Amino acid sequence: MHRANENIGPRVLHGVIRQTAALQEEKLEGVTVLTNSEDPLDIQALVEGPTETPYDGGIFRIKVCIGADFPQQPPKAIFLTKIFHPNINASTGDVCVNTLKRDWDPANWNIGHILQVIRCLLIVPFPESSLNEEAGRLFMESYSEYATHAAMMTRTWAMPRQPASTAPQRDEAGEPAEEGEARRPSRQAGAKQKKSLRRL
């Protein structure tokens with residue numbers, strides 16, 4: 001299994017473990033932190049798409065990657081769920097580093113802060129720091145087109161799919177089963193009526 005950077009000092013490692021454990025208790029708004037007992041530096045989270053955005057209703061899985069230069073530099077973040085957003089690379093899922101540097105304090109670093117910054121990006125993108133040029137251009141030139149495309153991507157990749165078993169069951173004639181059962185007595189009655197007419 002691929003492990004996180006082995007150059008992380010024990011002090012930072014203990015801080016990360018402490019913070020991720022606290023985040024599971026505190027419950028950030030719209031964010032669920034996922035931990036890996038085998039690798040405490042494998043930090044992932046589920047981010048809920050904010051309301052009144054093209055991402056509303058979606059659940060996006062992200063990964064926070066702590067490098068050797070942490071905490072002097074903020075961790076990197078990757079969207080594992082496909083998303084159409086100016087500050088997120090469409091191919092790799094990388095989040096624009098410049099946006100993660102905003103208000104980053106190496107002396108008082110906080111994993112929860114990074115997760116909140118990422119969720120805020122879904123509300124207020126920064127097209128001037130685009131990693132997805134098409135998304136950035138549409139955001140600036142035609143927000144309605146941008147929102148339509150982003151919402152379509154959200155429906156396709158970030159929304160739970162309904163299980164096939166929820167589809168209505170159909171009988172051999174291709175009708176919904178309940179409706180078919182309800183019609184069978186009337187059809188049988190019609191067949192009996194036809195037979196009685198023939199006897200006459």
Side-chain angles (χ1 to χ4, degrees), residues 2 20 23-24 26-36 39 42-66 74-103 110-171 174-180:
H2 175 70
T20 52
L23 286 173
Q24 290 188 313
E26 295 173 7
K27 303 295 183 184
L28 293 174
E29 181 181 0
V31 178
T32 301
V33 178
L34 309 174
T35 58
N36 183 343
D39 184 358
D42 178 19
I43 305 170
Q44 299 188 29
L46 300 177
V47 176
E48 298 175 12
T51 57
E52 299 183 2
T53 73
Y55 312 105
D56 185 13
I59 302 293
F60 301 87
R61 192 181 187 104
I62 64 173
K63 180 178 177 65
V64 176
C65 305
I66 295 177
K76 296 180 179 179
I78 301 171
F79 268 71
L80 302 179
T81 305
K82 289 182 179 293
I83 186 172
F84 186 73
H85 188 285
N87 305 117
I88 301 165
N89 187 297
S91 301
T92 64
D94 288 348
V95 179
C96 178
V97 175
N98 291 335
T99 59
L100 299 181
K101 286 182 178 179
R102 298 174 188 273
D103 302 323
N110 190 295
I111 299 296
H113 170 77
I114 285 292
L115 296 174
Q116 288 175 320
V117 167
I118 292 171
R119 190 165 189 266
C120 286
L121 271 181
L122 301 185
I123 302 173
V124 185
F126 293 93
E128 65 274 12
S129 300
S130 291
L131 288 184
N132 184 328
E133 294 183 1
E134 181 187 4
R137 179 182 60 79
L138 284 178
F139 184 87
M140 297 292 289
E141 297 178 0
S142 176
Y143 181 83
S144 61
E145 289 186 52
Y146 157 77
T148 298
H149 194 106
M152 181 272 292
M153 289 285 289
T154 298
R155 289 192 302 271
T156 303
W157 299 104
M159 288 188 177
R161 289 184 172 86
Q162 294 295 329
S165 60
T166 60
Q169 299 295 320
R170 295 186 176 274
D171 60 16
E175 297 177 348
E178 294 181 0
E179 184 180 350

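These figures come from a predicted structure and were not determined experimentally. The figures here come from the full heavy-atom set of this structure, side chains too, leaving out hydrogens, waters and symmetry mates.
With contacts defined as side-chain heavy-atom distances shorter than 4.5 Å, the pair Ile88/Asn132 does not qualify. Contact check for Ile78 versus Thr92: no side-chain heavy atoms found under the 4.5 Å cut-off. The shortest side-chain heavy-atom distance between Phe79 and Ile118 falls under the 4.5 Å cut-off. Side-chain contact between Pro125 and Tyr146 is present, with heavy atoms from C-beta onward closer than 4.5 Å.
Ser142 places no side-chain N or O within donor-acceptor distance of the main-chain N or O of Leu138, the cut-off being under 3.5 Å. Within the 3.5 Å criterion, the main-chain N or O of Arg61 finds a donor-acceptor partner in the side chain of Thr81. Listed for the Asp94 side chain is no donor-acceptor partner under 3.5 Å among the backbone atoms of Asn89. Side chain of Thr53 to main chain of Pro50: a donor-acceptor pair is present (N/O by atom type, distance under 3.5 Å, no hydrogens or angles). In this structure, Thr154 contributes its side chain and Pro54 its backbone to a donor-acceptor pair below 3.5 Å.
Separation of atoms CD (Glu134) and CZ (Phe139) is listed at 14.5 Å; rounding is to 0.5 Å. Rounded to the nearest 0.5 Å, atoms CG (Leu115) and CG (Leu28) are 6.5 Å apart. In this structure, Thr99 OG1 and Leu121 CG are separated by 4.5 Å, a value rounded to the nearest 0.5 Å. Taken to the nearest 0.5 Å, the CG atom of Leu34 stands 9.5 Å off from the CD1 atom of Ile62. Expressed to the nearest 0.5 Å, how far OG1 of Thr20 lies from CD1 of Ile43 amounts to 6.0 Å. Of the inter-residue distances, the one linking Glu48 atom CD with Ile59 atom CD1 reads 4.5 Å to the nearest 0.5 angstrom.
Atom CD of Glu128 is surrounded by more than 12 heavy atoms from other residues, nucleotides or ligands within 6.0 Å. For NZ of Lys76, the number of neighbouring non-hydrogen atoms (other residues, nucleotides, ligands) closer than 6.0 Å is 12 at most. Under a cut-off of 6.0 angstrom, the local environment of CD in Glu133 is sparse, with at most 12 non-hydrogen atoms contributed by other residues, nucleotides or ligands.
For the residue pair Pro75 and Ile66, the shortest heavy atom distance occurs at CB-CG1, 4.1 Å. In plain terms, the two heavy atoms of Met140 and Pro127 that are nearest each other are SD-CG, 3.4 Å. The nearest pair of heavy atoms linking Asn110 to Gly112 is OD1-N, 2.7 Å. Listed here is the closest heavy atom pair of Ser129 and Asn87: O-ND2, 3.2 Å.
Note: Tyr55 and Phe60 have perpendicular aromatic rings, judged against thresholds of 30 and 60 degrees for the angle between ring planes.
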Run the side-chain contact (heavy atoms from CB on, under 4.5 Å) test on Val117 and His113 for me, step by step, so that the C-alpha distance in whole Å, both residues' side-chain angles and the decisive distance to 0.1 Å come before the verdict.
CA-CA 6 Å; Val117 167; His113 170 77; 3.6 Å; yes
Applying side-chain contact (heavy atoms from CB on, under 4.5 Å), run through Leu122 and His85 and close with a yes or a no.
CA-CA 8 Å; Leu122 301 185; His85 188 285; 3.9 Å; yes
